Q: 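Before I ask anything, here is the structure I am working with.
Fair warning: this is a prediction, and the values are worked out from it, not measured in the lab.
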Protein chains: 2
Amino acid sequence: MPGRNSKKPVYSLNQQPLADFKVGVDNVIFSVDTAQNRLLVLLIMRQQEPFSNTWSLPGTLVRQGESLEDAAYRIMSEKIRVKNLYLEQLYTFGGPNRDPREDLNSFGVRYLSVSYFALVRFEEAELIADGVTGIAWYPVKQVPQLAFDHNELLAYGHRRLQNKLEYSPVAFDVLPEMFTLNDLYQLYATILGDNFSDYSNFRSRLLKLGFLSDTGIKVSRGAGRPASLYRFDAEAFAPFKNKPLVFI
Amino acid sequence: MPGRNSKKPVYSLNQQPLADFKVGVDNVIFSVDTAQNRLLVLLIMRQQEPFSNTWSLPGTLVRQGESLEDAAYRIMSEKIRVKNLYLEQLYTFGGPNRDPREDLNSFGVRYLSVSYFALVRFEEAELIADGVTGIAWYPVKQVPQLAFDHNELLAYGHRRLQNKLEYSPVAFDVLPEMFTLNDLYQLYATILGDNFSDYSNFRSRLLKLGFLSDTGIKVSRGAGRPASLYRFDAEAFAPFKNKPLVFI
DNA sequence: TCAAAAGTGTTCCCTATACACCCATGT
DNA sequence: ACATGGGTGTATAGGGAACACTTTTGA
């Protein structure tokens, strides 16, 4: 294999030039505003070309020695301070001419984008405003036109989030240590859309599964009977691991 | 942004050098040997370092002007001649030091791998033996130690195939135009493992869904009552599109 | 004492499962 | 005739959807 930086393109065995890539990572970061029952996504106002002054998903280019997941976490840490989160790879877009930068001064270098989706706790997620870049939580239902193909990416991430929620216990990664069953229900309802299930049925189904333990502690929120705080019991959940399990 | 092939690494705004990538595509290609009821995967005997003389999943490096999916299809067309197939992106591996080539004469270039999984018709898939490279269908249950992290990749692809089968009509992409319900049942049984469902229940469930149309044509295979040939009716299936639909 | 929220129970219906049984063909 | 595989029907159990009802608090 020829060395790096030879002026000629690298050829494979059958003499076809290989493409050179920079790799970007874009994150679809969701959170749930339980007060207003809205699903939010984190957007960044771009300051550079291409798509300057356009909202976009937060992204970065992968650095030397950095894994894809490292890069995904780095984006998070540069934009928000969070404790609880769930992160998972989404999809990879890599067609030529996807990124306008390929046409400019790139000299044949292509841009490939690996996307991740994340779910974080809204209450604890503190946005890092650097005074230069615009950054904001947008209700998913009201996102404007985004840069690149980010609208599609968001749609794809949204679908994936909905599936994850139905089939795996992501919710507990993002809920406080102790929570009421109504907190849990609201989380499901705002992500999956209303009418996804009756509250009392949701309740009994989950309790019957047996991995939610009642702490006995009661909390009162305004009028009404106080609610029990529950805790997710990871040990009791273990047998369900990797099993198709439907929560709704 | 600095031009290509400058001797210095490319720096982003905050002076961190970006990684340069070559992008590989690896395919997990499945087929079903209905005669012997075995799920097969296509393996290639590597001829080059690293992992020379080791079985591996068929792969290639992405060329200039070629999309990821193009590359995935190119792998297929270089190894087998197929008509019916289903292809879908799987996962992207991109950690540093994943590929031993990065240590050799790569001078900092990293190798990222985007994997695809495919399902093809075994009967029509004609392997292209070039006399040099070993190529073979291996029963999934008997695959040996593979190059790179390909065993994990295969396991991941297998799980994804099973899910796909349960929730979407992939089977019909890979079945002949007309097929008996037993053909369909066997396909499901060999991929999902036996005891996934009773035959007669599988039968009535699918027929009730209403997107399989009886052609009236009968085929006799040895002893026993002749079976009806059915056809997948894409129009009748349309309403189920994107809906969670369980076949098993 | 009444509204609001938490929590329990009941009814109905649908469907997955496990079979038993009938049908049409080759030998 | 009978073995073989295709195809139909039925009885039962469990679970989801809808909703009525009870309990415990704040105002």
Q: Nearest-Å distance, CZ (B:Arg225) to P (C:dG26)?
A: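 Between P of C:dG26 and CZ of B:Arg225: 13 Å.
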
Q: Measure CG/B:Asp198 against C1'/D:dA11 and give the value in whole Å, please.
A: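 It works out to 15 Å between those atoms.
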
Q: Quick check for you: among C:dT25, C:dA24, C:dA6, whose closest atom lies nearest to any side-chain atom of B:Ser220?
A: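 For the B:Ser220 side chain, the nearest candidate turns out to be C:dT25.
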
Q: Provide, to the nearest angstrom, the distance between the CG atom belonging to B:Leu206 and the C1' atom belonging to D:dG7.
A: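 Nearest whole value for this atom pair: 15 Å.
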
Q: For A:Gln186 and C:dA5, what is the distance between atoms CD and P respectively, to the nearest whole Å?
A: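 Computing the A:Gln186:CD to C:dA5:P distance gives 10 Å.
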
Q: Can you tell me how the ring of B:Phe172 sits relative to the ring of B:Phe211, calling it parallel under 30°, perpendicular over 60° and tilted otherwise?
A: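 Perpendicular: the ring planes of B:Phe172 and B:Phe211 meet at over 60°.
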
Q: Look at the side-chain N and O atoms of A:Asn201 and state whether any lies under 4.0 Å from the OP1 or OP2 oxygen of D:dG16.
A: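 Indeed not, no polar side-chain atom of A:Asn201 lies that close.
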
Q: For A:Asn151 and A:Gln145, indicate whether the former's side chain and the latter's backbone hold a donor-acceptor pair under 3.5 Å.
A: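 No.
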
Q: Taking for each residue the nucleotide of DNA chain D bearing the nearest heavy atom, is the 5' side occupied by A:Arg205 or by A:Pro226?
A: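 The residue closer to the strand's 5' end, by nearest nucleotide, is A:Arg205.
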
Q: Whole-Å distance between C:dT8 C1' and A:Tyr199 OH?
A: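 After rounding, the reported distance stands at 11 Å.
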
Q: Both A:Gly224 and A:Ser204 contact DNA chain C. Taking the nearest nucleotide for each, which residue is further toward the 5' end?
A: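 The 5'-side residue here is A:Gly224.
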
Q: Which nucleotide in the set C:dA6, D:dT4, C:dC23 lies at the smallest distance from any side-chain heavy atom of B:Ala223?
A: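 In terms of side-chain proximity for B:Ala223, the closest of C:dA6, D:dT4, C:dC23 is D:dT4.
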
Q: Atom NZ of A:Lys218 and atom C1' of D:dT24: how far apart are they, to the nearest Å?
A: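 Atom-to-atom, A:Lys218 to D:dT24, this comes out as 10 Å.
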
Q: Where the side chain of A:His150 meets the backbone of A:Ser56, is there a donor-acceptor pair that is under 3.5 Å apart?
A: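 No, because the side chain of A:His150 does not come within donor-acceptor range (under 3.5 Å) of the backbone of A:Ser56.
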
Q: For the pair B:Tyr185 and B:Tyr199, name the ring-plane relationship: parallel under 30°, tilted 30 to 60°, perpendicular over 60°.
A: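 Perpendicular, since the angle between the ring planes exceeds 60°.
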
Q: For B:Lys208 and D:dT8, what is the distance between atoms NZ and P respectively, to the nearest whole Å?
A: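 Rounded to whole Å, this separation is 14 Å.
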
Q: In this structure, is the centre-to-centre distance between the rings of B:Tyr230 and B:Phe179 below 6.0 Å?
A: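 No.
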
Q: Would you mind classifying the nucleic acid contact of B:Ser200 as base, sugar-phosphate or nothing, using non-hydrogen atoms under 4.0 angstrom?
A: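 The residue B:Ser200 makes base contact.
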
Q: Without decimals, in angstroms, what is the distance between A:Phe196 CZ and D:dA17 P?
A: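 In whole Å, D:dA17 P and A:Phe196 CZ are 10 Å from each other.
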
Q: Which part of the nucleic acid, if any, lies within reach of B:Arg203 when heavy atoms closer than 4.0 Å are counted: base, sugar-phosphate only, or nothing?
A: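 Base: the residue B:Arg203, judged by heavy atoms under 4.0 Å, touches a nucleobase.
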
Q: Using OP1 and OP2 only, check whether a side-chain N or O of B:Arg221 sits under 4.0 Å from D:dG6.
A: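 No, outside the criterion.
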
